[in-house]
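One structure is given below, represented as structure tokens, and several questions about it will come after.
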Amino acid sequence: MISRLKNRITFQSKTAESDGAGGQVLTDVDYYTCWAEIFRENQNRTNIAGKDSISDNIVFRIRDAQSISISNDLTISYNGNIYLINSIIDEFDGHEYLRITCSNQYRDWE
């Protein structure tokens with residue numbers, strides 16, 4: 001299984017930073033980087049309010065890093081795209097691998 005973990009992904013968290021004018025803005029900060037196996041589940045095309053979009057569902061399988069906490073509050077950065085975490089499953093119930101199902105929204109697709 002380890003030989004399939006050949007794609008580098010980065011988990012990111014949102015952090016509030018000062019905007020210099022007394023306010024705050026949310027920015028993505030790298031939280032954890034690891035190797036992953038990646039495969040697609042499906043792709044859905046929709047048109048909402050005159051805007052075409054494609055919902056690209058993708059699954060990341062990683063080794064369980066018990067020293068960190070992975071939750072739906074994080075996002076995954078891979079290959080220039082940001083993926084929202086939909087679900088996290090302990091695949092083999094032995095805390096060896098996590099199956100993380102994500103979605104990526106592409107807007108204004110033609």
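Counting begins at 1 with the first residue of the sequence. Please read these numbers as outputs of a predicted model, since none were measured by experiment.
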**Prompt:** With sequence neighbours left out, what residues match Ser77 under side-chain hydrogen bond (donor to acceptor under 3.5 Å, both in side chains)?
**Reply:**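 Expected list: none.
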
**Item:** Residues which pass side-chain contact (heavy atoms from CB on, under 4.5 Å) with Asp73, listed by chain and number, not counting sequence neighbours
**Value:**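 With sequence neighbours excluded, Asp73 shows a side-chain contact (heavy atoms from CB on, under 4.5 Å) to Ser71, given in chain and number order.
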
**Prompt:** Sequence neighbours excluded, which residues qualify as side-chain hydrogen bond (donor to acceptor under 3.5 Å, both in side chains) partners of Thr15?
**Reply:**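 If we apply the side-chain hydrogen bond (donor to acceptor under 3.5 Å, both in side chains) test to Thr15, skipping adjacent residues, there are no hits.
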
**Item:** Pairwise side-chain contact, Asp30 with Gln12, heavy-atom cut-off 4.5 Å (strictly under)
**Value:**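 SC-SC contact between Asp30 and Gln12 confirmed.
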
**Message:** Do Arg99 and Ile62 have side chains that approach each other closer than 4.5 Å (heavy atoms only, starting at C-beta)?
**Reply:**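 No - every pair of side-chain heavy atoms lies 4.5 Å or more apart.
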
**Which residues share a side-chain hydrogen bond (donor to acceptor under 3.5 Å, both in side chains) with Tyr78, sequence neighbours left out** =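 Partners of Tyr78 under the side-chain hydrogen bond (donor to acceptor under 3.5 Å, both in side chains) test: Asn7.
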
**Asked** Can you tell if the side chain of Asn86 reaches within under 4.5 Å of the side chain of Asn72, non-hydrogen atoms only?
**Response**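 No; the side chains remain at least 4.5 Å from each other.
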
**Sub-4.5 Å side-chain heavy-atom contact between Thr10 and Tyr32** =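 No - every pair of side-chain heavy atoms lies 4.5 Å or more apart.
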
**Message:** Any carboxylate oxygen within less than 4.0 angstrom of a Lys/Arg side-chain nitrogen, looking at Arg61 and Glu91?
**Reply:**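 Yes.
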
**Request:** Output the distance between atom CG (Leu84) and atom CG (Asn57), rounded to the nearest 0.5 Å.
**Result:**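 The CG atom of Leu84 sits 10.5 Å away from the CG atom of Asn57.
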
**Item:** Note, Ile58 side chain near Tyr83 side chain (heavy atom, < 4.5 Å)
**Value:**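 The answer is yes; the side chains approach within 4.5 Å.
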
**Request:** Kindly state each residue pair satisfying salt bridge (Lys or Arg N to Asp or Glu O under 4.0 Å) with at least one member in residues 11-25, sequence neighbours excluded.
**Result:**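 Salt bridge (Lys or Arg N to Asp or Glu O under 4.0 Å) check on residues 11-25 returns Lys14-Asp28.
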
**Message:** As an exercise, state the distance from CD1 of Ile9 to SG of Cys34, rounded to the nearest 0.5 Å.
**Reply:**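 Rounded to the nearest 0.5 Å, the CD1-SG separation comes to 4.0 Å.
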
**Approximate separation, where rounding is to 0.5 Å, of Glu96 CD and Arg63 CZ** =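 Going from CD on Glu96 over to CZ on Arg63, the span is 7.5 Å.
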
**Request:** Among Thr101, Ile38, Leu98, Ile85, find the residue that satisfies the side-chain contact (heavy atoms from CB on, under 4.5 Å) test when tested with Phe60.
**Result:**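 Running side-chain contact (heavy atoms from CB on, under 4.5 Å) over Thr101, Ile38, Leu98, Ile85 with Phe60 returns exactly one hit, Ile38.
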
